[in-house]
Every structure is written in C-alpha cells, then in structure tokens.
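Remember, it's 1-based here, ligands and their atoms both numbered in the order they're listed.
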Amino acid sequence: MSSVQEHTPMEINRWSLAGTTALVTGGSKGIGYAIVEELARLGSAVHTCSRNEADLKNCLQKWRDSKLKVTASVCDVSSPSEREKLMETVKSQFDGKLNILVNNAGTAIFKPAIEQTMEDFKLLISTNLESAFHLSQLAYPLLRACGGGSIVFISSISGFIAWDNLVVYASTKGAMNQLARNLACEWAKDNIRTNCVAPGPIRTPLVDFLVQDEDLLAGEKHRVPLGRLGEPEDVAGVVAFLCLPPSCYVNGQVIVVDGGRIVNGNH
Ligand code: NDP
C-alpha cells in the first residue's frame, strides 16, 4: 500500500465534525447561536453558555427538536470563578476531551471616549478579552488530551478600523487579534491552532439600534460592497471551516467577514 493511501483513507470525511466536542460561549443569541447550530449540524457535540437560564432553556428545546447534540449551562464569562466552573462542567461532560473552543461571548458599550467610565472599561475587558484568554488557558489541557484542536476567537473589524463611540470595545478586539497570533505560535507544538474571525456589522440583538435606524442602516449598506448587513450564519460558516480538517494549515490568522466593508475605498 502506498504511503498516500495509508495517510489519507478515503473513508475520512474532511467536511465533518462527527465525533468531536465543542464549547461555544454566548450561544443563546446572535452569532453564537448560529455557530452552535453549524457545529452541531456538522456532527459535533456542543456545550454552550450564557447568563440567562430561561433563554438557554428555550434554545435547548429548539435544538432537541432539531435532533442536535447540544447542552448548556449558565455562566457569566466575565467572572473567573464562573469560567472555572464552566470548564469543570465541560470536562466532566466530555470525559476530559475538547476539540473546539469558540470564544464568542462579548458585549459593547457605545459612548464617546471621554464618557467611558472605569467600570465600563473593566466590564469590557473582563467580558471580551480576559474571558477569551482565561478560557483558552482552562481549555488547554482538554485540547491537548485530544492530541490538538482548534480555538476560534470572535473579534471584530473594529479591531482594524476606528468606529465612533467604540474605543474600549475596539481595543479589546484589537488585543484579541494579537492574543490569537501569540497562542497560535505558542501552542502549535501541541497541534492546537488558534484563529480569529472578525465580523463587520451582523444582524443580531447587539446591533438592534443600527437595524432600527433607517439612516444608519442605509449608510452601513452603502459602505458594504455586498450591499447588506451580514447574517449570523455568514460568520458561523467561516468558524466551522476553521474547525474542520481542510483548514489544518490555517493558524494565527484573522479572517474578516464583512462583505468587503474594510477594503472599500468608494464611500
Ligand atoms: P448578542 O448580544 O446578539 O449575543 C451575545 C451572546 O453572548 C448572547 O448569548 C449573550 O447572552 C451572551 N453573553 C453576553 N455577555 C455574556 C457574559 N458576560 N457571559 C456569558 N454570556 C454572555 O451579540 P452578537 O451575537 O452580535 O455578538 C457575538 C460576538 O460577535 C461578540 O463577541 C461581538 O463582539 C462579536 N461581533 C458582533 C458583531 C455584530 O455586528 N453583531 C460585529 C463584530 C463582532 P446573555 O446576554 O443572556 O448572557
């Protein structure tokens, strides 16, 4: 038998996540909800979390009806002790093995720089950045136990370009992009790949104010060459790709999913 046949058996489906386990934070709404569904449809057993138990229960019912393998627990990712508890739950649920970590939970506070308080700053750092770092640390032994895996951070195009009223949020996302690059290099020896997905404006509850404001929405559509806001599924597909075997040589990258918004010079 040739070595090629030995190493690439035809029966392995490179576009399936069957037999894998995943943790997706913030899966009760928006982008996280779509990521949970995308990974579960590809065959992964997914655990997710958010702060609101009633929302999670509703989601779990929908996922059960769709025959998707999803579990959930309440966790505020801004709290170090709740992060530890979350990873203990994941560890016992998946027998100490995790293939995929998606650090998606995040929030924004829209204010001019001068009005952002130290409380705003601490909340954004702990929710968006510290949680992504700490959960990656906590997940590391579980990822290693699988012989490697994939970490995906959901950052934002605001990590590249300045938006009005988003100075602290944008800083957490810029830092997250570099966090991914560093982990990508440090943990490559363990066969753990780390990448970011950086969305432009996506139609979720987080940006309801934009969707509801006709002028703002028209301005945004004008800036996006594809002429529309993104949908959560547009992001979820790219996240899934970064977790699948065909992306096995993609490491330390920030993949922008914005309909061409930040490369558009025509606005
Ligand atoms: P949503 O507000 O629609 O959903 C956020 C999800 O995260 C919810 O499930 C929410 O549940 C959960 N969440 C929020 N804070 C916490 C917390 N402290 N602990 C645990 N769970 C939490 O946001 P999006 O789907 O729009 O955003 C998801 C990610 O994508 C964020 O990191 C955001 O920065 C990023 N992003 C979004 C863009 C957009 O235009 N929508 C653009 C670029 C990036 P609950 O509130 O009940 O806890």
Original post:
Does Asn104 approach ligand 1 within less than 4.0 angstrom via side chain, backbone, both or neither, non-hydrogen atoms only?
Top reply: both

Subject >> Close side-chain approach of Asn103 to Ile151, heavy-atom, < 4.5 Å >> reply: yes

Subject >> From Ala54, Ala105, Ser79, Ser126 - option closest to atom 22 (C) of ligand 1 by heavy atom >> reply: Ala105

Original post:
Just going by heavy-atom distances, which of Asp76, Val257, Ile31 is nearest to atom 37 (C) of ligand 1?
Top reply: Ile31

Subject >> Heavy-atom nearest neighbour in the protein, as seen from atom 10 (C) of ligand 1, with distance rounded to 0.1 Å >> reply: Ser28 OG, 4.2 Å

Original post:
What residue among Thr204, Val257, Val24, Val102 forms side-chain contact (heavy atoms from CB on, under 4.5 Å) with Ile31?
Top reply: Thr204

Original post:
Given that the side chain starts at C-beta and the backbone is N, CA, C, O, which of these parts of Thr127 lies under 4.0 Å from ligand 1, counting heavy atoms, or is it both or neither?
Top reply: side chain

Original post:
Under a single-linkage definition using a 4.5 Å side-chain heavy-atom cutoff for Ile, Leu, Val, Met, Phe, Trp and Tyr, are Leu242 and Leu98 assigned to the same hydrophobic cluster?
Top reply: no

Original post:
Of Ile202, Asn104, Asn128, which is the lone residue that meets side-chain contact (heavy atoms from CB on, under 4.5 Å) with Ile154?
Top reply: Asn104

Original post:
Considering only the protein, which heavy-atom contact is closest to atom 14 (C) of ligand 1, and what is its distance?
Top reply: Arg51 NH2, 3.5 Å

Original post:
Judged by modelled atom types alone, do Asp76 and Ser78 share a side-chain donor-acceptor pair under 3.5 Å?
Top reply: yes

**OP:** Determine, using heavy atoms of Ser155 and all atoms of ligand 1, whether some pair is separated by less than 4.0 Å.
**Re:** yes

Subject >> ligand 1 atoms in contact with Cys75 (distance to a heavy atom under 4.0 Å) >> reply: 19 (N), 20 (C)

Subject >> Non-hydrogen atom of Tyr169 closer than 4.0 Å to ligand 1 >> reply: yes

Subject >> Within 6.0 angstrom of Phe133 CZ, more than 12 heavy atoms from elsewhere >> reply: no

Original post:
What is the distance from atom CZ of Phe110 to atom CD of Gln116, rounded to the nearest 0.5 Å?
Top reply: 10.0 Å

Original post:
Does ligand 1 have any atom that is closer than 4.0 Å to a heavy atom of Thr107?
Top reply: no

**OP:** May I ask whether Ser131 places a heavy atom under 4.0 Å from ligand 1?
**Re:** no

Subject >> Protein contact to atom 30 (O) of ligand 1 [nearest heavy atom, distance to 0.1 Å] >> reply: Ile154 CG2, 3.3 Å

Original post:
Asn52 heavy atoms, cut-off 4.0 Å: which ligand 1 atoms fall inside?
Top reply: 47 (O)

Original post:
Which residue supplies the protein heavy atom nearest to atom 19 (N) of ligand 1, what is that atom called, and how far is it?
Top reply: Val77 N, 2.9 Å

**OP:** Using a strict 4.0 Å cut-off to heavy atoms of Pro205, name the atoms of ligand 1 that fall inside it.
**Re:** 3 (O)

Original post:
Which protein non-hydrogen atom lies closest to atom 4 (O) of ligand 1, naming both residue and atom, and how far is it?
Top reply: Lys29 CB, 3.8 Å

**OP:** Verify the cluster assignment for Phe153 and Val77: are they in a single hydrophobic cluster under the rule of side-chain heavy atoms below 4.5 Å apart?
**Re:** yes

Original post:
Can you tell which of Leu17, Val36, Asn99 makes a side-chain contact (heavy atoms from CB on, under 4.5 Å) with Ser44?
Top reply: Leu17

**OP:** Taking only heavy atoms of Pro201 into account, list the atoms of ligand 1 that are under 4.0 Å away from them.
**Re:** 40 (O)

Original post:
Below 4.0 angstrom, N of the basic side chain to O of the carboxylate: do Glu220 and Arg223 qualify?
Top reply: yes

Original post:
Which is it for Arg203 and ligand 1 at heavy atoms under 4.0 Å: side chain, backbone, both or neither?
Top reply: neither

Original post:
Where's the contact between Pro232 and ligand 1, heavy-atom distance under 4.0 Å: side chain, backbone, both or neither?
Top reply: neither

Subject >> Non-hydrogen atom of Lys173 closer than 4.0 Å to ligand 1 >> reply: yes

Subject >> Shortest protein heavy-atom distance from atom 24 (P) of ligand 1, along with the residue and atom involved >> reply: Thr204 OG1, 3.6 Å

Original post:
To which of Gly30, Gly106, Ala34 does the heavy atom nearest atom 5 (C) of ligand 1 belong?
Top reply: Gly106

